[in-house]
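One structure is given below, encoded as structure tokens.
Keep in mind that what you see is a predicted model, and the values were worked out from it rather than measured. Keep in mind that the numbers below use all heavy atoms, side chains included, and drop hydrogens, waters and symmetry copies.
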Amino acid sequence: MEIKNRVALVTGAASGIGRATAIMLADKGARAVVIADLDETGLADTAEKIKSRSSEVLSLTLNVTSQPDLEAAYREIDETFGQLDIVFNNAGIVSGPPPYPDTHLDRITRVVEIDLLSVIVSSTLAIRYMRERGGGVIINTASTGGLNPYLADAPYAAAKAGVIMFSRSCGDLAQQCGIRVNAVCPAVTETPILEKTGGGQRPDWLGPILENIQLLKPEDIGQRVIELIEDDTIAGEYSVVANPPAGS
Ligand SMILES: NC(=O)c1ccc[n+]([C@@H]2O[C@H](COP(=O)([O-])OP(=O)(O)OC[C@H]3O[C@@H](n4cnc5c(N)ncnc54)[C@H](O)[C@@H]3O)[C@@H](O)[C@H]2O)c1
């Protein structure tokens, strides 16, 4: 799908991967980028950057785990633009300390609600909308953490594995109604989530890893998302963005 003149929704757009991708969609000539997040201040920063391009911007302060918030968002997008072609379900959190199995139970619930359930609910609203209008593209942010067992944040790994299987399961929608659903699996990326993983500072596990790899930039993930939107042949797949080796 060509991005020019399309309307895109990006969740988790106040920071990191979501912000970078929202700006890149504007750079590609999107008619409008709808940015959604809990963080109003971060959203305002992203909105300023989009406005300095030529795309329209609609900022929605919402909680992706709230079904009424999501339903209202899809309604408002339709009322404002009469169009929604691209949805990037990207908002996410990690469990942070203490490591699993000592993770607080309410935190486990939040991880699964934000990282998996909200992706399924938002995708479902997008699919029902796009089905009536001849198609669209949905990208869901998973993680390489959803491909490899990871005890320290087993709930996160399980949620991201769920995002991968949900996106793969939606592959047949491409044939049925022209909606391509894919997952993107970033490896370790330099965003504020790394500090959240460590409870406010870079986690201990990152030190030894950085001897062998370079961190990805949020724009590296944004670039893959753009490729998944533009390539009409890819549906029901997950796409890994791996870390380059150190010193390359
Ligand atoms: N950074 C990495 O190393 C990495 C690796 C693999 C996958 N990911 C995934 O990439 C996605 C983006 O993360 P990031 O690295 O840009 O982190 P980030 O913390 O910079 O951005 C995440 C955004 O999601 C928003 N958010 C969280 N809960 C929300 C909710 N309930 N409702 C609305 N917005 C909410 C936050 O406010 C934040 O702006 C996440 O799904 C994350 O799991 C990140």
Side-chain angles (χ1 to χ4, degrees), residues 10-13 15-21 37 64-65 88-123 138-170 181-225 228 236-246:
V10 179
T11 72
S15 176
I17 293 168
R19 170 181 286 165
T21 307
D37 206 292
V64 292
T65 66
F88 181 34
N89 291 308
N90 164 77
I93 61 167
V94 288
S95 296
Y100 192 78
D102 294 314
T103 317
H104 300 299
L105 292 181
D106 59 349
R107 186 70 183 182
I108 293 174
T109 303
R110 269 169 48 76
V111 165
V112 177
E113 283 181 350
I114 295 172
D115 292 355
L116 177 58
L117 190 56
S118 82
V119 171
I120 297 175
V121 172
S122 175
S123 293
I138 298 168
I139 317 282
N140 297 320
T141 303
S143 168
T144 51
L147 294 166
N148 307 303
Y150 179 43
L151 177 61
D153 200 345
Y156 179 83
K160 294 299 189 180
V163 172
I164 292 168
M165 186 48 78
F166 172 74
S167 305
R168 291 181 62 201
S169 298
C170 290
V181 183
N182 290 293
V184 65
C185 297
V188 195
T189 309
E190 190 160 18
T191 74
I193 214 172
L194 292 183
E195 275 71 36
K196 295 168 196 165
T197 307
Q201 56 192 16
R202 289 236 166 139
D204 294 341
W205 54 259
L206 196 56
I209 288 183
L210 287 180
E211 289 170 15
N212 300 313
I213 58 144
Q214 293 175 50
L215 292 176
L216 291 159
K217 300 268 178 250
E219 290 75 16
D220 297 326
I221 318 307
Q223 181 54 38
R224 183 63 57 85
V225 172
L228 289 170
E237 296 190 15
Y238 64 92
S239 180
V240 172
V241 188
N243 291 107

Could you go through Asp115 and Val163, starting from their C-alpha distance and side-chain angles, then the distance that decides it, and tell me whether this counts as side-chain contact (heavy atoms from CB on, under 4.5 Å)?
CA-CA 8 Å; Asp115 292 355; Val163 172; 5.6 Å; no
Would you call Glu195 and Arg202 a salt bridge, taking side-chain N to carboxylate O under 4.0 Å as the test?
yes
Test side-chain contact (heavy atoms from CB on, under 4.5 Å) on Val181 and Asn140 and set out the steps.
CA-CA 8 Å; Val181 183; Asn140 297 320; 3.8 Å; yes
Determine whether [X] and [Y] make a side-chain contact, defined as any pair of heavy atoms from C-beta on separated by less than 4.5 Å.
| X | Y | answer |
| --- | --- | --- |
| Tyr100 | Pro155 | yes |
| Leu216 | Pro244 | yes |
| His104 | Ser95 | no |
| Leu194 | Leu215 | yes |

Can you name the nearest heavy-atom pair linking [X] to [Y], along with the distance?
| X | Y | value |
| --- | --- | --- |
| Ala161 | Gly146 | CB-O, 3.4 Å |
| Gly145 | Ala157 | O-CB, 3.2 Å |
| Ala142 | Pro186 | O-CD, 3.5 Å |
| Gly16 | Pro218 | O-CB, 3.7 Å |
| Leu147 | Cys185 | CD1-SG, 4.4 Å |

[atom1] ([X]) with more than 12 external heavy atoms under 6.0 Å:
| X | atom1 | answer |
| --- | --- | --- |
| Phe166 | CZ | yes |
| Arg107 | CZ | yes |
| Leu151 | CG | yes |

If you round to the nearest 0.5 Å, how far is [atom2] of [Y] from [atom1] of [X]?
| X | Y | atom1 | atom2 | answer |
| --- | --- | --- | --- | --- |
| Ile164 | Thr144 | CD1 | OG1 | 8.5 Å |
| Asp220 | Glu190 | CG | CD | 10.5 Å |
| Arg224 | Glu219 | CZ | CD | 14.5 Å |
| Lys160 | Asp153 | NZ | CG | 10.5 Å |

Have a look at Glu113 and tell me which of Val64, Ile108, Thr65 forms a side chain to side chain contact (heavy atoms under 4.5 Å, CB included) with it.
Thr65
State which residues pass side chain to side chain contact (heavy atoms under 4.5 Å, CB included) with Ala152; sequence neighbours excluded, sorted by chain then number.
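Once residues adjacent in sequence are excluded, the partners of Ala152 under the side chain to side chain contact (heavy atoms under 4.5 Å, CB included) criterion are Pro99, Tyr150.
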Asn89-Ser123 side chain donor-acceptor pair, cut-off 3.5 Å:
yes
Expected output: side-chain [X] to main-chain [Y] donor-acceptor under 3.5 Å:
| X | Y | answer |
| --- | --- | --- |
| Ser122 | Ser118 | no |
| Thr11 | Ala91 | yes |
| Asn243 | Gln214 | yes |
| Asn182 | Glu237 | yes |
| Thr189 | Thr191 | no |

